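I have placed the structure first, in the form of structure tokens, so that the comments after it can refer back to it.
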2 protein chains.
Amino acid sequence: MRDQGNQCSEQLGERLAARGLRPTVQREHVYRVLLQDRDHPTAEQVFMRAKKGMPDISMATVYNCLDALVKCGLVKEVNVDRAAMRYCPNMHEHWHFRCDNCGAVYDIDLPPSRLRLELKVPKGFQPKTYEISMRGACPNCAQDN
Amino acid sequence: MRDQGNQCSEQLGERLAARGLRPTVQREHVYRVLLQDRDHPTAEQVFMRAKKGMPDISMATVYNCLDALVKCGLVKEVNVDRAAMRYCPNMHEHWHFRCDNCGAVYDIDLPPSRLRLELKVPKGFQPKTYEISMRGACPNCAQDN
DNA sequence: ATTGAGATTTAGAATTATTCCAAGTATTGA
DNA sequence: TCAATACTTGGAATAATTCTAAATCTCAAT
């Protein structure tokens, strides 16, 4: 667990390069901040933590770095999308598919399935609701490709 | 499918009452708007559609109505939460548990499971990523209860 | 090492989504 | 009918995110 540092920056450099993105000290620093406390911080929290080791970093850069990390597959965004909340009057069990191209959100019916059974949580957690969402290309957009 | 109207308002009235909320023409109208086009509109879109039949309705009321509908279980919010995006450097397959009480987000490891196999989508959809998120009480908060 | 092209960072303005507020209005139960 | 309370409204306020233009950095080719 110690010396995760170099591993981190090497992996980061490769990953970024693979996407045509450049490795920068800010990106590495932001990544390190994320690795340090695994508590799913908001961009604002990342900003505040990042400033400790890099006082001049700006909020815009934090967003930029987070985007870069997401693009190169080192970080996940925990939310369906960063835009407005959407509303759905279908209360049957189902999940959602959001098209990355056209932005449409589709209902996907749950297969007969034993999915429900599989959604087990560790002891102590008391789940009330859950949501499954997928992203990718919808039939229309997949065709135009 | 026709005459869904009265059914709609009856159900609405009961549901609202059960939560100590009052039935109002605005709430019914907003619900009707949601039932009309099942395309997961944003609050802004609901507002624009609602204005057609109720020109004086305000954006604040639309938000209020949507909240009421969500509270009484007739509508779902399609997003983990309406606050800031969160970032997670854990790229292993896992899902998230968000505590409604303290707001913390936990990683929940995927059980060995055949969950993956169950995530089938209808023909034509090309999923790239998916996310499973649950909400409820975390172990700490569940205890203090 | 130098250099030029293009990517990145920065601060702050702008935009977008959502919530708050105070005043007027509607609904409920007595 | 009346009082209490919830709801609606328009607009202001806040919060999250994106945009902008100028300065700086990185890369790859000299």
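Each chain gets a letter, A, B and so on, in the order its sequence line appears, and its residues count up from 1. Quick note: numbers below take in every heavy atom, side chains included, and nothing from hydrogens, waters or symmetry partners. The structure presented is a predicted model; accordingly, all values stated were derived computationally and were not measured.
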Next on the checklist: Counting the atoms with a prime plus P, OP1 and OP2 as sugar-phosphate, which does A:Thr24 contact under 4.0 Å by heavy atoms, base, sugar-phosphate, or nothing?
Outcome noted: sugar-phosphate

Item to check | B:Tyr63, nearest nucleotide to its side chain (from D:dT9, C:dT9, C:dT18) | outcome: C:dT18

Checklist entry - With a 4.0 Å cut-off on heavy atoms, is A:Asp56 in touch with a base, just the backbone sugar-phosphate, or nothing at all? => result sugar-phosphate

Next on the checklist: Run A:Leu16 and A:Arg22 through side-chain contact (heavy atoms from CB on, under 4.5 Å) and show every step you take.
Outcome noted: CA-CA 6 Å; A:Leu16 288 168; A:Arg22 292 180 175 169; over 6 Å; no

Next on the checklist: Taking the minimum atom-to-atom distance to the side chain of A:Leu21, which one of C:dT8, D:dC7, C:dT18 wins?
Outcome noted: C:dT8

Checklist entry - Below 4.5 Å, heavy atoms only, C-beta onward: do A:Leu34 and A:Arg49 meet side chain to side chain? => result no

Next on the checklist: If you assign each of B:Gly20 and A:Ala43 to its closest nucleotide in DNA chain D, which residue comes earlier from the 5' end?
Outcome noted: B:Gly20

Item to check | Value in whole Å for how far the P atom of D:dG10 lies from CE of B:Met54 | outcome: 12 Å

Item to check | Listed nucleotide nearest any side-chain atom of B:Met85, set C:dT10, D:dT8, D:dT17 | outcome: D:dT17

Checklist outcome for this item: Comparing nearest nucleotides in DNA chain D, the 5'-proximal residue of the pair A:Ala60, B:Arg22 is B:Arg22

Checklist entry - With a 4.5 Å heavy-atom cut-off, do A:Asn90 and B:Arg38 have their side chains touching? => result yes

Checklist entry - Quick one: A:Ile57 CD1 to D:dT24 C1', roughly how many Å, whole number? => result 15 Å

Checklist entry - Distance check: side-chain N/O of B:Thr61 vs OP1/OP2 of D:dT8, anything under 4.0 Å? => result no

Checklist entry - Rounded to the Å, how far apart are A:Phe47 CZ and D:dA15 C1'? => result 15 Å

Checklist outcome for this item: Rounded to whole Å, CD of A:Gln26 lies from C1' of D:dA23 at a distance of 13 Å

Item to check | B:His40 and A:Asp107, any side-chain heavy atoms less than 4.5 Å apart | outcome: yes

Checklist entry - What's the CE-P distance between B:Met59 and C:dC20, to the nearest Å? => result 15 Å

Checklist entry - With a 3.5 Å cut-off and just heavy-atom distances, do the side chain of A:Arg27 and the base of C:dT8 make a donor-acceptor pair? => result no

Next on the checklist: Apply side-chain contact (heavy atoms from CB on, under 4.5 Å) to residues A:Ile108 and B:Phe125 and explain how you reach the verdict.
Outcome noted: CA-CA 10 Å; A:Ile108 304 283; B:Phe125 286 92; 4.2 Å; yes

Next on the checklist: Tell me the interatomic distance from A:Asn64, atom CG, to D:dC25, atom P, rounded to whole angstroms.
Outcome noted: 15 Å

Next on the checklist: Without decimals, in angstroms, what is the distance between B:Glu28 CD and C:dT27 C1'?
Outcome noted: 15 Å

Checklist entry - What is the distance from CG of A:Leu16 to P of C:dG6, rounded to the nearest Å? => result 21 Å

Next on the checklist: Side chain of A:Pro23, heavy atoms from C-beta onward: which of D:dT17, C:dT19, D:dC27 has the nearest atom to it?
Outcome noted: D:dC27

Checklist entry - More 5' along DNA chain C: B:Glu44 or A:Val25, using each one's nearest nucleotide? => result A:Val25

